[in-house]
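Report on the following structure.
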Protein chains: 2
Amino acid sequence: MAEYDELESLISQGRKHGVRKRIILLQAARLFVEKGYADTGIDDIGAAVGVSGPAVYRHFPGKQAILLALIELSLERLREGTQAALVDQDREPQKALIALVDWFSRFSVENPDLTLVMQAELLGLPEQDRRRLKRQIRQLSEAWVGLLIEVRPELSDLAARIAVTSVMGMATSVLAARLSSDTRALSVHLRAQMLAVLHAPAEP
Amino acid sequence: MAEYDELESLISQGRKHGVRKRIILLQAARLFVEKGYADTGIDDIGAAVGVSGPAVYRHFPGKQAILLALIELSLERLREGTQAALVDQDREPQKALIALVDWFSRFSVENPDLTLVMQAELLGLPEQDRRRLKRQIRQLSEAWVGLLIEVRPELSDLAARIAVTSVMGMATSVLAARLSSDTRALSVHLRAQMLAVLHAPAEP
DNA sequence: GCAAAATGGTAACTACGGTTAACATATTCG
DNA sequence: CGAATATGTTAACCGTAGTTACCATTTTGC
């Protein structure tokens with residue numbers, strides 16, 4: 001479910017157990033992306049949820065914990081989506097790669113805040129968490145790289161890594177630029193250009 | 001001149017007028033990219049220059065001013081490079097576009113800190129400066145968009161904007177990932193994939 | 001060579017914001 | 001119902017880091 005639909009649905013559910021926590025998370029994502037992690041106060045987050053101030057501490061042990069939970073949520077969604085896109089592709093790397101692009105171009109456009117927070121605010125985390133998460137992100141992209149090399153064995157390892165990194169970067173830069181609110185058009189164009197990168201002629 | 005070569009050359013020049021200031025700027029860029037603007041203290045910047053603490057205030061009125069000067073320097077270089085790449089192309093948009101990609105793929109790889117700071121830490125600036133700089137960045141990318149539409153009139157405005165934004169995003173994401181220290185290889189691959197994006201088949 | 005400007009060091013100030021304390025209300029469930 | 005738990009509120013705390021004050025030294029230009 002896209003992040004804004006989820007947020008709306010959660011708010012309508014009143015104050016059930018654990019719901020507040022999820023609302024805080026999604027609103028914090030919005031704020032972090034809009035104003036940056038450093039310039040977003042705990043008070044701001046509370047206000048966005050309709051709960052001024054330190055009430056947030058009832059749900060999270062601190063500001064950093066919110067950011068950490070957010071990025072972990074983001075990673076989790078990415079992992080789920082990647083796996084889901086890979087099943088039922090009859091182990092054909094060509095089909096699998098296209099399925100991945102299909103899914104990711106849609107996911108990133110429909111979940112801009114989650115996607116952007118992960119790559120923009122990793123530095124806000126303490127060394128240790130940052131390392132751990134970076135490793136996990138790398139593992140995720142390695143799946144893409146492996147698939148790409150299967151499809152195009154002529155690519156060097158570096159070339160494949162650059163292509164995959166570029167594909168991720170295209171999504172975040174386009175989202176950050178807020179070029180259009182037409183999510184359908186955005187994801188369609190993104191998809192086309194991601195495929196172009198993955199199929200770009202190799203350089204000697 | 002690439003940023004690290006410039007830094008080295010400056011340091012060897014001792015303490016001439018205005019030199020210190022430039023050194024502070026470039027070291028600050030390194031730190032901002034490495035640890036983030038928020039987590040880089042004035043003391044850190046001073047230490048990196050061999051001048052502990054508030055001595056930095058002899059050259060800049062404050063921390064934000066350093067960031068501002070950095071992003072403005074970055075923009076200036078981008079403008080210069082864009083212009084330089086466009087002259088002597090006989091007003092052929094096809095050639096001009098390729099010249100732009102040639103130049104930008106090299107520039108971004110040779111000046112990673114300048115390139116990354118501009119897009120990563122814009123949020124650290126006060127509203128007003130941020131707006132102004134964003135506008136200037138947009139103007140810069142509009143030059144690319146105009147050129148691209150000239151070459152490929154079948155592209156919608158949105159499609160062209162997405163392509164150009166993607167090209168910029170590819171550079172920053174690849175630089176941030178630090179995939180290789182072989183700048184030559186990086187820029188060559190980047191170039192190829194940027195061209196692929198700009199020539200990607202349009203979507204209906 | 002000397003006055004003036006430039007540059008630097010150390011110590012102290014201060015504001016901001018994350019966090020905690022202390023106290024209140026509402027919800028849940030036996 | 002009533003105890004326990006969850007959730008909120010306001011006021012106060014306090015560490016950090018950007019900034020300023022003040023004094024020392026070096027560099028520059030007449």
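Protein chains get the first letters and strands the later ones, always in sequence-line order, with residue 1 at the start of each.
The distance between atom CD1 of A/Ile24 and atom C1' of D/dT7, rounded to the nearest whole Å, is 10 Å. In this structure, CD1 of B/Ile45 is placed 17 Å from C1' of C/dG8, rounded to the nearest angstrom. Note: CG (A/Asp39) to P (C/dC16) measures 13 Å, nearest angstrom. Between B/Arg58 atom CZ and D/dT20 atom P there is a gap of 11 Å when expressed in whole angstrom units. For the pair B/Arg20 CZ and D/dT25 C1', the interatomic distance rounds to 14 Å; values are reported in whole Å.
Between the side chain of B/Gln193 and the backbone N or O of A/Ser166, no donor-acceptor pair lies under 3.5 Å. B/Thr165 places no side-chain N or O within donor-acceptor distance of the main-chain N or O of A/Val174, the cut-off being under 3.5 Å.
Between A/Glu127 and A/Arg131, at least one side-chain N (NZ, or NE/NH1/NH2) sits under 4.0 Å from a carboxylate O, which counts as a salt bridge. Salt-bridge formation is not detected for the pair B/Arg106/B/Asp102: no Lys NZ or Arg NE/NH1/NH2 atom is positioned less than 4.0 Å from an Asp or Glu carboxylate oxygen.
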Can you name the atoms? Protein N/O to nucleotides 18-20 of chain C N/O, anything below 3.5 Å, with the distance.
from	atom 1	to	atom 2	distance (Å)
C/dG18	OP1	A/Lys63	NZ	3.0
C/dG18	OP2	A/Ile42	N	2.9
C/dT19	OP2	A/Tyr57	OH	2.7
C/dT19	OP2	A/Lys63	N	2.9
C/dT19	O5'	A/Tyr57	OH	3.1

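Between B/His59 and C/dG8, a side-chain N or O to OP1/OP2 separation shorter than 4.0 Å is present.
Sequence neighbours left out, the pairs with a member in residues 30-41 of chain A that pass salt bridge (charged side-chain N to carboxylate O under 4.0 Å, His left out) are A/Lys35-A/Asp44.
For A/Asp182, there are no salt bridge (charged side-chain N to carboxylate O under 4.0 Å, His left out) partners, not counting sequence neighbours.
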